[in-house]
> 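Sending over a structure as structure tokens; questions will come in a sec.
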2 protein chains.
Amino acid sequence: MGYAETFKALSDPARRQILELLKKGPLSAGDIGSHFDMTGATISYHLKILKQADLIFESKEKNFIYYQLNTTVLEEIMLWISSLQGGGKDD
Amino acid sequence: MGYAETFKALSDPARRQILELLKKGPLSAGDIGSHFDMTGATISYHLKILKQADLIFESKEKNFIYYQLNTTVLEEIMLWISSLQGGGKDD
DNA sequence: ATAGTATTTAGAAATATTTCTAAATACTTA
DNA sequence: TAAGTATTTAGAAATATTTCTAAATACTAT
């Protein structure tokens, strides 16, 4: 909800890397954490930011929470960026 | 130079609005400032951030500095976003 | 129920961002 | 050269972000 939230979420390198990991498919918080030199608490914080920006969603299964990419919001910001690129005197 | 810089620059509403204003053509720092309820110093700060992110460039003319959109970097981040969207198991 | 694993929440410290005022710089023109 | 306009820089205050440790929650399986 809102470009600020989306762009802010994308501005952190760890969060961008999380999205890239999720490109290949769903991962648990623990799996994600294993790619970083950060505590689980910090990973959880970044996942929360990504979730709030609607860039990922979660699904619980057994003892795990799996995270997946949500590309809907990405399409919206692509549109915003396109409008800047294409835009001329008459927009 | 670096997605972090670009996304961080785009995460501020004032800076996004500046880019939208520049869509229509070059504007001086003062012209830009007249659209906001902020001091000139603050506008100058935001312009510096956008400049550092290569989202705008300036050209001096008479007593004014004119700012213009630079869409090159926008294309790069569109590519990064596209790669997330299209990406499947084999990327 | 108990113990174990996975993840989040709370609280605190360090750092970064945003904004202001006041002063400095740069350029123009009388 | 002096005065005026446009913009930036410096320094400080308020707020936000990122990270940690320690504790809490949630679920599983014995």
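Chain naming here is simple, since letters A, B, ... match the order of the sequence lines and numbering starts at 1 in each.
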> Let me spell it out: for each of A:S11 and B:Y66, pick the nucleotide of DNA chain D with the closest heavy atom. Which residue's pick is nearer the 5' end?
B:Y66

> Starting at atom NZ of B:K51, determine the distance to atom C1' of D:dT9, rounded to an integer number of angstrom.
11 Å

> In whole angstrom, give the distance that lies between atom CD of A:E5 and atom P of D:dA16.
14 Å

> Without hydrogens or angle criteria, can the side chains of B:E61 and B:Y66 be said to hold a donor-acceptor pair below 3.5 Å?
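Note: B:E61 and B:Y66 side chains miss the donor-acceptor criterion.
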
> Within the structure provided, determine whether B:T71 and A:I81 are in side-chain contact (heavy-atom separation under 4.5 Å).
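Side-chain contact under 4.5 Å: no.
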
> Between C:dT8, D:dT17, C:dT9, which nucleotide gets closest to the side-chain atoms of A:K8?
D:dT17

> Using whole Å, what does the distance between atom C1' of nucleotide C:dT17 and atom CG of B:L50 come to?
14 Å

> As an exercise, state the distance from CD1 of A:I49 to CZ of A:R15, rounded to the nearest 0.5 Å.
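It comes to 5.0 Å.
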
> Could you please name the partner base of D:dA22, counting Watson-Crick and G-U wobble pairs only when both distances are under 3.5 Å?
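Its partner is C:dT9 (Watson-Crick or G-U wobble, both distances under 3.5 Å).
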
> Starting from the C-alpha separation in whole Å, work towards a yes-or-no answer on side chain to side chain contact (heavy atoms under 4.5 Å, CB included) for A:Y3 and B:L10.
CA-CA 8 Å; A:Y3 295 124; B:L10 292 173; over 6 Å; no

> Regarding A:S28 and A:D31, is there a side-chain donor-to-acceptor distance under 3.5 Å anywhere?
yes

> I'd like to know if A:L50 and A:L27 are part of one continuous hydrophobic network [Ile/Leu/Val/Met/Phe/Trp/Tyr, side-chain heavy atoms within less than 4.5 Å].
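In one cluster: yes.
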
> Provide, to the nearest angstrom, the distance between the CG atom belonging to B:D31 and the P atom belonging to D:dT5.
16 Å

> It should be established whether B:S44 places a side-chain nitrogen or oxygen under 4.0 Å from OP1 or OP2 of nucleotide D:dT9.
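No, no such contact exists.
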
> Could you work out which one of D:dA6, D:dT8, C:dT17 sits closest to the side chain of B:F64?
D:dA6

> In whole angstroms, how far is the P atom of D:dT8 from the CD1 atom of B:I32?
9 Å

> Send over the distance from A:K48 NZ to C:dT7 C1', rounded to a whole Å.
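Between C1' of C:dT7 and NZ of A:K48: 13 Å.
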
> Assuming nearest nucleotide by heavy-atom distance, tell me which of B:S28 and A:I49 is located more 5' along DNA chain D.
B:S28

> Nucleotide by nucleotide, 5' to 3', does protein get under 4.0 Å of the base (B), only the sugar-phosphate (S), or neither (-) in nucleotides 19-29 of chain D, counting heavy atoms?
BBBB----BSS

> Pick base, sugar-phosphate or nothing for B:F36, based on heavy-atom distances below 4.0 Å to the nucleic acid.
nothing

> What residue pairs, at least two apart or across chains, pass ring pair (Phe, Tyr, Trp, His ring centres under 6.0 Å) with a residue in residues 6-35 of chain B?
B:F7-B:W80

